[in-house]
Number of protein chains: 2
Amino acid sequence: MSKITLKEISKILGISTSTVSKALKNYSDINVDTKIRVQELAKKHNYTPNAFAQSLRSRETKIIGILVPELVHHFFSSIIDGAINEAEKHGYLVIVLQSHESYEDEIKQLKLLVDKNIDGIMLSLSDKTVKYDHIRTIINEGMPVVLFDKITHLIDCPKVIIDDRKAAFSATEHLIKTGCKKIAHITGPLKPKTTIDRFMGYKIALETYNMPFNKTLIYTSENLSFEDGYNLAGQIMAEHPDIDGIFAFIDPVAIGVLKRLKEDKIKVPKQVSIIGFSNWFMSRTTSPALTTIDQPGYQIGRNAFQLLLKNLNHKREGKPFTSETVEIPTSVIIRQSTRAIMAPVI
Amino acid sequence: MSKITLKEISKILGISTSTVSKALKNYSDINVDTKIRVQELAKKHNYTPNAFAQSLRSRETKIIGILVPELVHHFFSSIIDGAINEAEKHGYLVIVLQSHESYEDEIKQLKLLVDKNIDGIMLSLSDKTVKYDHIRTIINEGMPVVLFDKITHLIDCPKVIIDDRKAAFSATEHLIKTGCKKIAHITGPLKPKTTIDRFMGYKIALETYNMPFNKTLIYTSENLSFEDGYNLAGQIMAEHPDIDGIFAFIDPVAIGVLKRLKEDKIKVPKQVSIIGFSNWFMSRTTSPALTTIDQPGYQIGRNAFQLLLKNLNHKREGKPFTSETVEIPTSVIIRQSTRAIMAPVI
DNA sequence: ACATTTACCGAAAACGTTTTCGGTAAGTTT
DNA sequence: AAACTTACCGAAAACGTTTTCGGTAAATGT
């Protein structure tokens with residue numbers, strides 16, 4: 001019942017396996033009649049080449065790996081979605097792994113992928129990763145690697161990113177332009193680059209619009225959770241009752257804030273405007289719906305695979321790897337948790 | 001720079017590849033000194049066996065495939081999360097594919113997996129799938145397959161499910177027990193088994209509690225979207241202003257309903273109770289937070305892999321496949337969109 | 001009639017591993 | 001001293017595919 005091989009076909013037809021192989025691949029030095037006989041028999045028995053044997057010879061699996069910190073996450077699953085679909089178009093399958101934001105796991109999972117001889121790796125770094133030799137080693141051994149979203153510039157390889165600083169600038173700018181005078185920022189765990197970038201975007205926006213930067217307006221959410229937002233909102237309004245804008249690191253936190261403010265009878269956006277980050281699915285379902293920053297995960301995944309593919313081809317052709325960085329634009333999704341724009345609308 | 005092989009080790013040490021192979025695998029007919037020499041050299045050069053070559057011999061890849069209708073979906077990504085983690089524990093990697101709810105894609109993706117000679121498949125059927133020969137064929141050719149969530153009993157293989165009917169019964173029962181007298185049900189697209197099961201659970205609950213079943217209280221959401229819920233809520237309240245409970249097929253629909261009722265100044269749960277299904281992440285972030293049914297995706301994934309593993313082993317040992325069905329229990333997550341239980345609490 | 005081209009096919013090696021089946025040399029038993 | 005173990009190692013085949021390099025026979029050119 002199991003699959004037929006070249007050898008079996010050759011035996012049935014009384015010809016050599018080389019001829020069968022060539023007939024199926026339409027080599028020019030095979031008689032048309034022979035080709036037809038072979039191809040018909042192959043079709044009849046539903047011949048498909050044995051992938052192991054092909055890989056063993058070609059040293060290619062047509063499988064890539066993708067390692068993300070967490071899979072159950074709208075942003076990352078969108079990226080994977082984009083990558084899988086793009087990969088499929090080019091005949092590649094995708095193994096998905098998670099580092100669970102652990103440096104050790106990241107190393108372990110990468111080793112699993114390398115040992116399986118997959119063709120390339122798409123990688124988003126864990127928050128804990130601050131050393132990069134494990135990745136450099138892999139690249140030096142000839143494995144094409146593309147970094148996306150959680151990246152470091154200390155590794156020389158293609159990268160796909162969004163400009164967090166620019167996006168955070170836009171978010172803060174939106175609050176300013178809609179009339180906010182005193183804006184708090186809920187930031188994330190200290191180390192990751194995204195935390196710093198979003199904070200910097202916030203700060204630069206204030207400076208650009210000649211607004212004072214006040215350190216006490218920075219609050220930290222350790223877990224980036226709904227609950228964190230809920231609790232911090234209470235603290236913020238207690239310490240700074242005159243606040244009129246909050247820029248949260250990420251949507252769930254913003255939604256926690258929103259819920260708390262509503263419970264405390266603080267009008268959103270009349271008294272306090274709220275802007276989130278990431279455009280999670282649920283952000284359009286809150287009341288009022290949450291203004292936020294859209295991070296196009298699907299496109300990031302698509303682009304990352306395309307960069308990977310380029311290097312897969314380079315490798316096959318013996319060319320050196322590229323290491324370009326692609327920036328995917330973000331946009332402000334204006335909903336009802338911020339006030340209407342005051343400047344004349346075009 | 002690339003990986004060292006048995007042959008190269010054997011050349012360096014001046015012994016045969018067979019000896020090297022056996023030394024690394026601790027065969028008893030190899031001298032201890034030789035073993036040590038081989039193992040040290042292997043470690044020094046970071047030897048890892050070539051996976052293709054192993055697979056070619058053993059006919060095993062240690063890779064499984066998982067095919068879901070959509071990846072970007074909290075429920076499915078949780079399932080995949082559970083499957084990946086469980087698989088990893090047993091040395092398996094996971095290729096993820098999507099059918100995008102298309103019958104043709106399902107066939108195509110399954111073929112990709114089969115052609116790659118992966119060891120087994122975890123599958124959740126697309127909504128469009130009503131014929132199952134493509135799956136039966138795969139199983140008959142010896143591929144271990146496990147069905148989960150979107151299943152059919154017309155295929156003889158292991159299955160992991162939740163009892164939708166029972167869960168829907170509990171949901172409706174909860175509304176009844178908290179005092180609802182006239183309950184509408186928003187159902188999904190007609191064909192899928194889940195739609196029918198949840199509808200049946202609703203209906204049976206009504207009958208059980210001697211409440212009339214009224215056909216006009218059944219509304220259909222084609223897209224199972226937030227927007228559908230939003231719009232249907234308006235329709236429902238217009239046609240049945242005296243309704244006091246709504247059981248929605250799935251959380252986003254319920255949240256759409258919630259938002260609309262709030263906009264229409266209808267008190268939830270005072271005037272109308274709402275219960276959803278699936279316990280999406282966002283359901284605890286709404287105000288009032290949504291009462292819903294928890295479907296433990298992670299556990300489903302875990303269990304499905306365990307069943308698959310059992311058959312992977314059976315296959316290796318030449319035993320026939322099992323075909324047990326595991327039911328994962330659901331639970332009602334009581335939040336604020338339904339009233340407090342009236343009966344004495346135990 | 002001989003030389004040369006063309007058309008077609010197959011042997012063989014290679015990818016890297018695993019395992020069976022001997023085989024040799026040393027040591028042990030009668 | 002002959003027979004027999006034991007300890008250790010290697011040759012070889014197998015998994016299935018791909019591609020190079022000839023090789024043979026027929027067809028064509030002088």
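Quick note: numbers below take in every heavy atom, side chains included, and nothing from hydrogens, waters or symmetry partners. Below, read A as the first sequence line, B as the second, and so on, with proteins coming before strands; counting in each chain starts at 1.
Atom CZ in B/R57 sits about 11 Å away from atom C1' in D/dA12, given to the nearest Å. Distance, A/K7 NZ to D/dA14 P: 7 Å, rounded to whole Å. The nearest whole Å value for the distance from the CD1 atom in A/I4 to the C1' atom in D/dC15 is 16 Å. Per the geometry, CG belonging to A/N26 stands 15 Å off C1' belonging to C/dC8, to the nearest Å. Between the CD1 atom of B/I9 and the P atom of C/dT18 there is a distance of 11 Å, given to the nearest Å. The interatomic distance linking B/L24 (CG) with C/dT18 (P) rounds to 8 Å, in whole Å. Between the P atom of C/dC15 and the CD atom of B/E8 lies a distance of 9 Å, rounded to the nearest Å. Here D/dG10 presents its C1' atom at 15 Å from NZ of B/K11, a figure rounded to the nearest Å.
Look at B/S21 and you'll find a side-chain N or O under 4.0 angstrom from OP1 or OP2 of C/dT18. Residue A/T5 has no polar side-chain atom (N or O) positioned under 4.0 Å from OP1 or OP2 of D/dG16. Listed pair A/S16 / C/dG10 meets the phosphate criterion, a side-chain N or O lying under 4.0 Å from OP1 or OP2. Under 4.0 angstrom from either OP1 or OP2 of C/dT17 there lies no side-chain N or O belonging to B/N50. Regarding contacts with the backbone of C/dT18, a side-chain N or O of B/Q54 is found under 4.0 angstrom from either OP1 or OP2. The phosphate of D/dG16 has OP1 or OP2 within less than 4.0 Å of a side-chain N or O from B/R59.
Comparing D/dT17, C/dG16, D/dT19 by their nearest atom to the side chain of A/L6 picks out D/dT17. Ranking D/dG10, D/dT18, C/dT17 by closeness to the A/T17 side chain, first place goes to D/dT18. Each of D/dG10, D/dT19, C/dT17 was ranked by its minimum atom distance to the side chain of A/K25; first place goes to D/dT19. Taking only side-chain atoms of B/Y27, from C-beta outward, the nucleotide of C/dT19, D/dC15, D/dC9 with the closest atom is C/dT19.
For B/E106 and B/T129, the side-chain atoms include at least one donor-acceptor pair closer than 3.5 Å. In the model, A/T61 has a side-chain atom that pairs as donor or acceptor with a side-chain atom of A/D119 under 3.5 Å. B/S323 and B/D156 share a side-chain donor-acceptor pair at under 3.5 Å. Looking only at atom types and distance, the side chain of A/N50 has no donor-acceptor partner in the side chain of A/K3 under 3.5 Å away.
In this structure, B/K315 does not pair ionically with B/E60, as no charged nitrogen and carboxylate oxygen lie closer than 4.0 Å. Ionic pairing of A/K159 and A/E324 is not present here: no N-O contact between side-chain nitrogen and carboxylate oxygen is shorter than 4.0 angstrom.
Note on the helix from C/dA1-D/dT30 to C/dT30-D/dA1: terminal axis deviation equals 60°, with five pairs used at each end and the result rounded to 10°.
A donor-acceptor contact under 3.5 Å links the side chain of B/K22 to the base of D/dG10. Below the 3.5 angstrom threshold, one finds no donor paired with an acceptor across the side chain of A/D29 and the base of C/dC8.
Within 4.0 Å of A/S18, counting heavy atoms only, lies at least one base atom of the nucleic acid.
Across the interface with DNA chain C, nearest-nucleotide mapping of B/L56 and A/T34 shows A/T34 to be the residue nearer the 5′ end.
Test B/K150, B/K193, B/K191 against B/D127 for salt bridge (charged side-chain N to carboxylate O under 4.0 Å, His left out) and you get one pass: B/K150.
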Derivation and outcome, side-chain hydrogen bond (donor to acceptor under 3.5 Å, both in side chains), residues A/D105 and A/S99: CA-CA 5 Å; A/D105 264 24; A/S99 65; over 6 Å; no

